[in-house]
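The structure appears right after this line, and notes come after that.
Small disclaimer: the values here were computed from a predicted structure and weren't measured. The sequence lines fix the lettering, A, B, ..., with proteins before strands; numbering per chain opens at 1.
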Number of protein chains: 4
Amino acid sequence: MLRYLSAGESHGPALTAIIEGLPAGMPLVVEYVDRQLARRQGGYGRGKRMSIEQDRVHLLAGVRGGVTLGTPVCLQIENKDWVNWRETMDPGTDARVDDRMVTRPRPGHADLTGVLKYGHRDVRNVLERASARETAIRVAVGTVGRRLLDKIGIKIVGFVRRIGQVEADVPELDPDVLQERTETSSVMCPNQVSSYKMMEHIDRTRDTGDSLGGVFEIRVYNLPPGLGSYVQWDRKLDGRLAGALMSIQAIKGVEIGAGFHGAACPGSEVQDEIFYDQDRGYYRQTNRAGGLEGGMTNGEPLVLRAAMKPIPTLRRPLRSVDIGTREAVEAAYERSDICAVPAACVIGEAVVAWELAVAAMEKFGGDTLFEFTGNWERYLASVKGG
Amino acid sequence: MLRYLSAGESHGPALTAIIEGLPAGMPLVVEYVDRQLARRQGGYGRGKRMSIEQDRVHLLAGVRGGVTLGTPVCLQIENKDWVNWRETMDPGTDARVDDRMVTRPRPGHADLTGVLKYGHRDVRNVLERASARETAIRVAVGTVGRRLLDKIGIKIVGFVRRIGQVEADVPELDPDVLQERTETSSVMCPNQVSSYKMMEHIDRTRDTGDSLGGVFEIRVYNLPPGLGSYVQWDRKLDGRLAGALMSIQAIKGVEIGAGFHGAACPGSEVQDEIFYDQDRGYYRQTNRAGGLEGGMTNGEPLVLRAAMKPIPTLRRPLRSVDIGTREAVEAAYERSDICAVPAACVIGEAVVAWELAVAAMEKFGGDTLFEFTGNWERYLASVKGG
Amino acid sequence: MLRYLSAGESHGPALTAIIEGLPAGMPLVVEYVDRQLARRQGGYGRGKRMSIEQDRVHLLAGVRGGVTLGTPVCLQIENKDWVNWRETMDPGTDARVDDRMVTRPRPGHADLTGVLKYGHRDVRNVLERASARETAIRVAVGTVGRRLLDKIGIKIVGFVRRIGQVEADVPELDPDVLQERTETSSVMCPNQVSSYKMMEHIDRTRDTGDSLGGVFEIRVYNLPPGLGSYVQWDRKLDGRLAGALMSIQAIKGVEIGAGFHGAACPGSEVQDEIFYDQDRGYYRQTNRAGGLEGGMTNGEPLVLRAAMKPIPTLRRPLRSVDIGTREAVEAAYERSDICAVPAACVIGEAVVAWELAVAAMEKFGGDTLFEFTGNWERYLASVKGG
Amino acid sequence: MLRYLSAGESHGPALTAIIEGLPAGMPLVVEYVDRQLARRQGGYGRGKRMSIEQDRVHLLAGVRGGVTLGTPVCLQIENKDWVNWRETMDPGTDARVDDRMVTRPRPGHADLTGVLKYGHRDVRNVLERASARETAIRVAVGTVGRRLLDKIGIKIVGFVRRIGQVEADVPELDPDVLQERTETSSVMCPNQVSSYKMMEHIDRTRDTGDSLGGVFEIRVYNLPPGLGSYVQWDRKLDGRLAGALMSIQAIKGVEIGAGFHGAACPGSEVQDEIFYDQDRGYYRQTNRAGGLEGGMTNGEPLVLRAAMKPIPTLRRPLRSVDIGTREAVEAAYERSDICAVPAACVIGEAVVAWELAVAAMEKFGGDTLFEFTGNWERYLASVKGG
């Protein structure tokens, strides 16, 4: 069973994750992970912190000579800013914990509820962990899962569909073309015209001190049918994927395939009829289901969308309450981005990769990559020709 | 840790669930659960099977004299239709398994992928479990969770927002008023005008042999702040709730608070500023976050919406492939509903109740109801008065 | 991931279990399970209740025509005594819960701690679940796991080593011979001389109104190397097996291979040197490790022993305290056995079978029996021939 | 829910663990953990590596100013030897993985099975993780759990009962006296005479190039009744504790209370009758059950024993097989200890502490130490006075 835990405060020494259950013999190098970390930090509309960090992952266990050992993999990303925060954030006894204390919780964050739940009198003790900085390690973990999916030919392409008022039309495209067009856009939008409009929208919004949300879409290709299962409530892959996406900071909506739009259509317009061809096996001519039927992949591309709310930190101060004095104050302000939808898209790819890797390990099993891919091949053959 | 497993085929002898981790001393009677089972079976636009079943739950363990014992609770719902299916579905050796064999998988269901994944040559072996009949036991289980929430004053109201083309406007209302208006509607829509339009829409659609989907909304009141947590990726309550809703059959989209709409707004329009009042404690004047910030309840009402695709079984046959001959055929047709959005809403309430009960047990713990409610009371006092 | 939950009070309507994660296509009939249930109820020295019950398992889900469907399997064992207890134990509201109330906790049982933990004022609310009656369903569940092990040739033989003062010498034997000799003994001891001595010991003890414990041993043959893992603390099979055995009612000690005796030997006497032979692959000439090295099966027979304390219910009353009045009283007495070591041995086989089935599913995976056995075959070939 | 994962190879850069589910506000400093790490490295009869390492834990997350934050705690222990192994063990691509390759598996270790299971051709890829070095991080993790137990007055004392042929008699003693006597012994045996005999035994064994095992005992004081539960098979604390102890490297037997000895006694001699006193509440005059009845603590001291086999690495070579050539060879030899029973005892204390901390969090819950201890206090009051 593939599983992981992560730890780490935003201004602490490092973010760390331990991944358990990977097969032995899977190639894994830091560069592969770092590429995704860099993508997370990019995107038009980001604030300054992103350039400070330049995240790099360190492998501390589970890999030797570029290949997994079957033992737990330990990933670590150092916080570059740590040197400036040591005195405040030291996990040891010497931290001057009253320095840089925050008592004005920011609306839209975990701040207020976090201090109530955990009995803190310093909001910093909450925001350090609830921060979107945590997603750096989630990207690293998901990317390790993605490495496993590579080995059975699964390809994940995420892109931005909407930023604020600008929605892009994105047709069905060859995965490689889709990826290429996405990569050439500063906002990860494969529609060039929309891409420019989005950047303009970001520029205008920066001027007003406001912030923007949006929608990203993730498509996954070459999935075998039968990942996930209908047999038990907690094994349905649609639920797991939606849960993974919704657990990303600032995500407030998730759709699969036709999603909310499909809810408004008559049944005769939202089906994907079934066809068979000796070369292709079973296939569909449409994909309104977004690749998921009965809580399982059905062999068609996975199509997921997630809605991100605008970043809650605005230049214009928001009203809040000091948790010490209970007096009305302006919320704390930490430097921030105008728009983080492209970053969220990269995180979305990672969490989707993770859930798919878990489902693939459940379906194909194996303690070695050789067993895993062998089981996959035999299953595919049985599914197609049988 | 509150957990459960369920079992049961649609035409087998019974649906069964075992719930583990409830505190002792919680009142629980079958009538409480049956009321929700009846709601699930109601709603304008349902087919005939619903009237056959008239579900009743049996308590087989964990309760005595109307009160939980702290031991596992076993729930069972007999399938009334079992008498007619015994010869075909008998779990023993004597079943005539080739009777009523299904070889034409229905698009939009688990049928095709299920037979590929589990190596079946009879689609019945899949559809019997993947069927929405399974949601009866999920409602029963969720309703047991709801009983626990009752005890700390939490109230759940679900209603239908959209059926096909008809979307209802539903204002902020007092929970009791909202519930009352919903109960008087055959489609569970608290807006009377929309309610009639929805029924008309269903009638017209029945005539054309088509089917309808829609959107339901669930609001939860009197939640304490701090259910769920930001500290680990898999403990975020927004993720868990979205996962629970998306795992319901036919659900293809989930939103929290402003959801997809919020993604199009500027940040200055989607915040919920923080206020304090000695009587109320911390509160908000708006609730765009839908009651969830940082993966936790923030004390405001929870607002969740889910999009249901139209039921995939149409009177007009859909193209499919016979899994035995691989020839093009028309998909199997089982009698069905035109619209099941009200039923889905009841199921939605149940799965949300379950996730909240799990989160409440995590937050307040206790082996007895007395410990549970005591911990809740003390926490609420600390949160408010400080 | 293979998992299960069970429920059921001793005098309630039934014991129920739900098993999740079995592959489809595995033959499973009630007779196979009932045979083990009958073995659990047998054995020299049992009390009367055993003959009342004559347990039979009912399959309520997950099986059709004698073969698993890949869906959850629901097992149920009715409590024959239920008819006599209905009025007292009814899970509904009408139970006369004050009838047959027990307020004198029995030493050596969960009675006293159970009422303190769960806030009961009737010990019956504890003893009904903590009772060894619960092991009937554990035997049923474990036997389903055993069915899976059959399919890859794994054979489990349990026998009694000691009853009270009588310890039997049992040499290395062919598994079939060992099983046969065990089956012909009323106390499940394959050494005929010791077997008679044990029965005499039981007879003498019955006369004195006392009770007896003992030690049983479980040997498992034809295990592949590599079940379990050293990579994470909670995946070590030695730990899991010991945990499973120690969680059986009245078990107070567990040993693997040389066990406590090995702790007294010099290292040079407790090793199992490694040999290789083209036909057999790697093998050992000794088996002091009891088939487990590094938290994994090493391909040699598994050898486990468990120590059972004497049954705590004696004819001679034990001192206790009334939980209502806090006055010194004699403990409650429920009719009981003199010696239940043979029954415990059958339960031991079942829990060991379950843990091995879980480990085998982890190692070989597969949604169908065909995938599972195919993966096993290929692994075995790789292990042997290299 | 308290949980953890660990990672790290023996000669890799570090051992790391992430602990999830600790309450906020618990004091935690490195010195507290380091003290237990030092104890693990001590003990008469250890080899040289112990003095190389001098383990120190680093806190990388979850703690600030010496107090837990409620967020995941990350612990790291650097491997001092890493500088000498970097070129061989580098997790990056540049490791010269063929240097220091091991092809002669050692009997009694994970070596042979590990390479078969994970498809390695270098035994090093197995032994680096299966090594007892891993127990350093288990001690660190368990010690964090112990910190929580401190807060509700629970005291854990472990000591050595047997080394090879020398068994010590250890009477009931006041916990502080027992601990003090244990601390003054180089072999952690509180019986001074036995302690000297054990050292002599170790000395003689060193001369012969052999190794020794033994038995350690762990007693836990001031436990509340009701940790663990009888309600579900996997919640029984006796099973969990036995599993934790048996999962320690080289442990082959576990006993609770009277253990195997009790299996030979008549029932009338192994009960713990129940008494009540207004000051003490319920109590026993004997403790044959070792503090566990019905899978729960019963309020009496916990008494656990574990048998450790002699260390399998002997100076006299053992027969093995080269995994490359399949030829008979002498097993690899890595420098080693003569006797590691005192170290195992420290590890035993740690894993027992962890399981008890998990059980205590389940029983008392709470997101803050204040909630946790408050719940504990109220429960104790209800248990005693009622």
Side-chain angles (χ1 to χ4, degrees), chain A residues 105 107-110 112-113 116-117 129-130 138 162 165 210-211 213-215 225-226 230-231 233 236 238-240 242-243 246-247 252-257 259-260 262-264 266-268 270-274 276 282 293-294 296 298 307-312 314 318-321 326 383, chain B residues 105 107-110 112-113 116-117 129-130 138 162 165 210-211 213-215 225-226 230-231 233 236 238-240 242-243 246-247 252-257 259-260 262-264 266-268 270-274 276 282 293-294 296 298 307-312 314 318-321 326 383:
Chain A
H109 288 273
L112 176 60
T113 303
L116 298 175
K117 180 180 175 80
R129 177 66 185 161
R138 266 204 270 185
R162 169 192 284 277
Q165 295 291 329
D210 215 323
S211 65
V215 175
Y230 59 89
V231 300
W233 68 284
K236 305 203 175 201
D238 38 14
R240 290 189 188 184
M246 197 70 100
S247 74
K252 301 299 268 190
V254 179
E255 286 186 321
I256 299 171
F260 278 87
S268 53
V270 295
Q271 305 310 320
D272 303 307
E273 295 181 311
I274 298 171
Y276 182 80
Y282 294 99
E293 283 174 320
M296 298 176 290
N298 66 0
M308 185 187 205
K309 71 174 180 180
I311 286 163
L314 307 176
L318 292 165
R319 282 177 290 179
S320 183
V321 173
R326 301 287 162 89
V383 156
Chain B
H109 288 272
L112 177 59
T113 302
L116 298 175
K117 179 180 177 80
R129 177 68 186 161
R138 266 203 270 183
R162 168 191 285 276
Q165 296 291 330
D210 214 323
S211 64
V215 175
Y230 58 89
V231 299
W233 68 284
K236 304 202 177 202
D238 40 14
R240 290 190 187 182
M246 197 70 101
S247 73
K252 302 299 269 188
V254 179
E255 286 185 322
I256 298 171
F260 278 88
S268 53
V270 297
Q271 307 309 320
D272 302 309
E273 294 183 311
I274 298 171
Y276 181 82
Y282 294 98
E293 284 174 317
M296 298 176 290
N298 66 1
M308 185 186 204
K309 70 174 181 182
I311 286 164
L314 307 176
L318 293 165
R319 284 176 289 180
S320 183
V321 173
R326 300 287 161 88
V383 155

Practice item. Would you confirm whether B:E255, through its side chain, and A:V254, through its main-chain N or O, come within 3.5 Å as a donor-acceptor pair? Key: no
**Study point:** Closest non-hydrogen atom pair between B:S320 and B:P105, with its separation
**Key:** OG-O, 2.6 Å
Check your understanding: Rounded to the nearest 0.5 Å, what separation is found between the CG atom of B:L116 and the CG atom of A:N298?
Key -> 10.0 Å
Review point. Top residue by heavy-atom pair count (under 4.5 Å) with chain A, among B:P225, B:G253, B:G213?
Key: B:G253
Check your understanding: Of all of B:G267, B:A130, B:G294, which one pairs up most often with chain A through heavy atoms under 4.5 Å apart?
Key -> B:G267
Practice item. Go through the atoms of B:Q271 and report whether side chain, backbone, both or neither lie under 4.5 Å from a heavy atom of chain A. Key: side chain
Point to revise | Contact winner vs chain B - A:E293, A:K252, A:H109, heavy-atom pairs under 4.5 Å | key: A:K252
Practice item. Name the option with the most non-hydrogen atom pairs under 4.5 Å to chain A; the candidates are B:E273, B:R240, B:M308, B:R129. Key: B:E273
Revision key, fill the gap. Cut-off 4.5 Å, heavy atoms of chain A, and the answer for B:R138 is side chain
Practice item. Spell out, as yes or no, whether a donor-acceptor pair under 3.5 Å connects the side chain of B:K309 to the backbone of B:G108. Key: yes
Review point. Which atoms of A:K236 come close to chain B, meaning under 4.5 Å heavy atom to heavy atom: side chain ones, backbone ones, both, or neither?
Key: side chain
Study note, to complete from the structure: Looking only at heavy atoms, the pair that brings B:P266 and A:P310 closest together is C-CG, 3.8 Å
Review point. Which atom names give the shortest non-hydrogen contact between B:S247 and A:D238, and what distance separates them?
Key: CA-OD1, 4.0 Å
Review point. Under a 4.5 Å heavy-atom cut-off, does chain B meet the side chain of A:R162, its backbone, both or neither?
Key: side chain
Point to revise | Region of A:L112 that comes under 4.5 Å of a non-hydrogen atom in chain B | key: side chain
Check your understanding: Based on non-hydrogen pairs under 4.5 Å, which of B:G214, B:G259, B:S268, B:G257 is most in contact with chain A?
Key -> B:S268
Review point. Taking C-beta and beyond as the side chain, do A:P107 and B:D272 meet within less than 4.5 Å on heavy atoms?
Key: no
Check your understanding: Relative to chain B, which segment of A:Y282 carries a heavy atom at a distance below 4.5 Å: side chain, backbone, both, or neither?
Key -> side chain
Study note, to complete from the structure: chain A shares the most heavy-atom pairs under 4.5 Å, among B:I256, B:I311, B:V270, with B:I256
